[in-house]
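Encoded as structure tokens, the structure appears first; notes follow it.
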Protein chains: 2
Amino acid sequence: MTDHSKLTRNQSLVVSALRESDAPLSAYMILDRLREDGFRAPLQVYRALDKLIERGLVHRLESLNAFVACRHDHSHGHSHGHQGGVVAFAICEDCGSVAEIDDPTINARLMALATDRHFKTEKTTIEMRGHCSACAGESHTPQA
Amino acid sequence: MTDHSKLTRNQSLVVSALRESDAPLSAYMILDRLREDGFRAPLQVYRALDKLIERGLVHRLESLNAFVACRHDHSHGHSHGHQGGVVAFAICEDCGSVAEIDDPTINARLMALATDRHFKTEKTTIEMRGHCSACAGESHTPQA
DNA sequence: TTCTTGTCGGTAATGTTATTACATTATTGT
DNA sequence: ACAATAATGTAATAACATTACCGACAAGAA
């Protein structure tokens, strides 16, 4: 079931750009970074992103309209998506870092809530926005 | 702590538009529906939405770039946000219906995961996309 | 080979969502 | 009245995403 075919040139360039970044990138940021590699139009980016997301190599962050490379293993056999199911993201508003959290408890609970309501879930988004450990200690926006 | 001041004209119009809709509306859909009430520019909608969201009268659905009126009580005293904390949404791709789910278990688990990582959460988004009970039974897109 | 089919890629134009900047009007507190 | 604050009006533009169309190329069938 797993698709082992190689990435195309455009797909490789896009996923590399994301891997080299320490923060999420918007499609247009990716485009800008790949101009020197011959990218000229948004669609080249969006098409590559679609495929990469399909394979689980890239995640879309809905609350940011931006994209990150997946940090999970991906060497062995699960066609796409993650083993347990949903992944949660902890996104730092200060430094842009994104942590992927794979928690079976939350996944199980969401599944239960869905089936309670006879809701057939296709895709789930969980995104926490806030401040990572590194940034939370700093002298940021001392409130009031 | 709770703010009991009345809504402005624009805010009332926007929240009414959302309440009268059985599906989420984008800012521009709201704008279109309020043209006859004198709305002329996107900013009038976005400004009203900001205030309404601040008060917890409206939710933003990140995965849709759209907005819904909050269905919770809101008569008694909680300044904004919801009692337990986070709200999850079950969004039907077929009919557009949105269910609000307030689940303490998930909330608690996310809090625990955050504190584990010394992450200070400011705002959390949970959105399930799929098919509601009414639509799941229908003869939709018979797969393959 | 030739034909078809499917995937990928290039380009342009357009559609959709959201913000910045600036000027004005209404409301509130003293 | 007066100053301070919040809300509004308008225009322009930025940021994000898709549709439409066309060409290149590879794999399989006739």
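By convention in this document, chain letters (A, B, ...) are assigned in the order of the sequence lines, proteins followed by strands, and residues within each chain are numbered from 1.
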Going by heavy atoms in the side chains, are Val98(A) and His59(A) under 4.5 Å from each other?
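No, too far: nothing below the 4.5 Å cut-off.
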
Please work out if Arg40(A) contacts a base, only the sugar-phosphate, or nothing of the nucleic acid, heavy-atom cut-off 4.0 Å.
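Sugar-phosphate only.
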
Could you please name the option among [options] that lies closest to any side-chain atom of [X]?
X        : options                  : result
Gln44(B) : dA17(D), dG9(D), dT19(C) : dG9(D)
Arg60(B) : dT11(C), dC8(C), dA18(C) : dA18(C)
Asn10(A) : dT19(C), dC8(C), dG10(C) : dG10(C)

I need the [atom1]-[atom2] distance between [X] and [N], as an integer number of Å.
X        : N       : atom1 : atom2 : answer
Leu25(A) : dA15(D) : CG    : C1'   : 15 Å
Phe39(B) : dA7(D)  : CZ    : P     : 14 Å
Leu64(A) : dA18(C) : CG    : C1'   : 14 Å
Leu49(B) : dA7(D)  : CG    : C1'   : 15 Å
Arg9(B)  : dG9(D)  : CZ    : P     : 8 Å
Leu7(B)  : dA6(D)  : CG    : C1'   : 14 Å
Asp37(B) : dT8(D)  : CG    : P     : 14 Å
Leu43(A) : dG9(C)  : CG    : C1'   : 9 Å

When you measure from the side-chain N and O atoms of [X] to the phosphate of [N], is any distance below 4.0 Å, counting only OP1 and OP2?
X        : N       : answer
Asn65(A) : dA15(D) : no
Thr8(A)  : dG9(C)  : yes
Tyr28(B) : dT16(C) : no

When you check the gap from the basic side-chain N to the acidic O, do Glu122(A) and Lys120(A) get nearer than 4.0 Å?
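No, no charged N to carboxylate O under 4.0 Å.
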
Most 5' of Met29(A) and Arg47(A) on DNA chain D, judged by nearest nucleotide:
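Upstream on the strand: Met29(A).
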
Determine whether a donor-acceptor pair (N or O, by modelled atom type, separation under 3.5 Å) exists between the side chain of [X] and the backbone of [Y].
X         : Y        : result
Arg129(A) : Ser63(A) : yes
Gln44(A)  : Asn10(A) : no
Glu100(A) : Arg71(A) : yes

